[in-house]
Amino acid sequence: MIVLIGFMGAGKSTVGRLLGQRLNMPFVDSDAVIEEESGRAIAEIFDTSGEAGFRDIEEDVIGRLLTGPPSVVSLGGGACGRVATRARLAGHTVVYLAVDLAEARRRVGTGGGRPLARGAGLEELYAGRLRQYEECATISCDTTGRTPEDIVDDIATALREDDQP
Ligand code: S3P
């Protein structure tokens with residue numbers, strides 16, 4: 001399994017889709033699965049069940065995706081906050097797409113359906129998560145100022161190096 005993690009706006013879904021094509025592997029986005037299975041938008045789940053309710057659903061969906069067929073899987077930016085999810089990532093190839101806060105803000109814009117990007121506190125959220133991403137990652141890739149194609153090239157190279165005896 002190749003898992004993409006990182007903050008909102010890191011490009012996990014865009015890069016994940018391209019990486020899947022490059023590696024000839026299916027691509028799956030945990031947020032898309034959550035929305036599809038529940039029939040509700042992420043923002044609606046936050047509104048009705050709160051963040052904790054969303055995190056429970058997210059943990060369950062990710063648990064299933066990580067034991068499913070080999071795929072490129074992108075996780076929501078807050079997924080690594082759950083201990084169970086961090087434990088389940090062990091043994092997988094986990095690619096951390098790093099982005100600086102200013103660029104994440106630019107890419108996310110006014111939120112685009114992301115409840116946690118709407119209000120204040122983004123800086124604190126960002127600072128609190130960096131260590132989690134770094135701890136989970138087996139490969140790190142800086143995305144700031146770079147195109148998705150460039151990033152995919154880097155990841156493909158790192159994956160080949162990973163495979164060397
Ligand atoms: C979240 C990030 C979102 C989505 C939800 C919560 C977060 O995913 O899971 O809005 O806590 O950072 P993206 O990182 O794909 O935007």
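Every number for a ligand or one of its atoms is a count from 1 in the order of the listing. The analysis underlying the following values was restricted to heavy atoms, covering all of them including side chains, and did not include hydrogens, waters or symmetry mates. Heads up: numbering here begins at 1 and tracks the sequence.
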What residue and heavy atom of the protein are closest to atom 5 (C) of ligand 1, and at what distance? I42 CG2, 3.8 Å

Listed by chain and number, what are the salt bridge (charged side-chain N to carboxylate O under 4.0 Å, His left out) partners of E44, not counting sequence neighbours? none

Are the side chain of S49 and the backbone N or O of F46 linked by a donor-acceptor pair below 3.5 Å? no

Assess E51 for proximity to ligand 1: is some non-hydrogen atom of it under 4.0 Å away? no

Among all protein heavy atoms, pick out the one at the shortest distance from atom 11 (O) of ligand 1; state its residue, atom name and that distance to 0.1 Å. R55 NH2, 2.6 Å

Determine yes or no for a side-chain-to-main-chain donor-acceptor pair under 3.5 angstrom, with E103 supplying the side chain and G145 the backbone. yes

Closest non-hydrogen protein atom to atom 8 (O) of ligand 1, residue and atom name please, with distance? D31 OD2, 2.8 Å

For T14, enumerate each residue passing the side chain to side chain contact (heavy atoms under 4.5 Å, CB included) test, keeping only those at least two apart in sequence or located in another chain. P148

Side chain or backbone, does G77 bring an N or O within less than 3.5 Å of an N or O on ligand 1? yes

F27 side chain near V15 side chain, heavy-atom distance below 4.5 Å: no

Protein contact of atom 10 (O) of ligand 1 - nearest heavy atom, named by residue and atom, plus distance: P115 CD, 3.5 Å

When you compare the side chain of L97 with that of I155, does any pair of heavy atoms fall below 4.5 Å? yes

Need the ligand 1 atom indices (1-based, order shown) with element for anything under 4.0 Å from a heavy-atom of F54. 9 (O)

With heavy atoms of G76 as the reference, note each atom of ligand 1 found under 4.0 Å away. 8 (O), 9 (O), 14 (O)

Could you check if a side-chain atom of Q21 sits within less than 4.5 angstrom of a side-chain atom of L18, using non-hydrogen atoms only? yes

Could you tell me whether R114 and ligand 1 have an N or O pair separated by under 3.5 Å? yes

What residue and atom, counting heavy atoms only, is the protein's closest point to atom 12 (O) of ligand 1, and at what distance? R129 NH1, 2.6 Å

Got I62 and V3 here, is their nearest side-chain heavy-atom distance under 4.5 Å? no

Give the atom numbers and elements of ligand 1 that come within less than 4.0 Å of a heavy atom of K12. 13 (P), 14 (O), 15 (O)

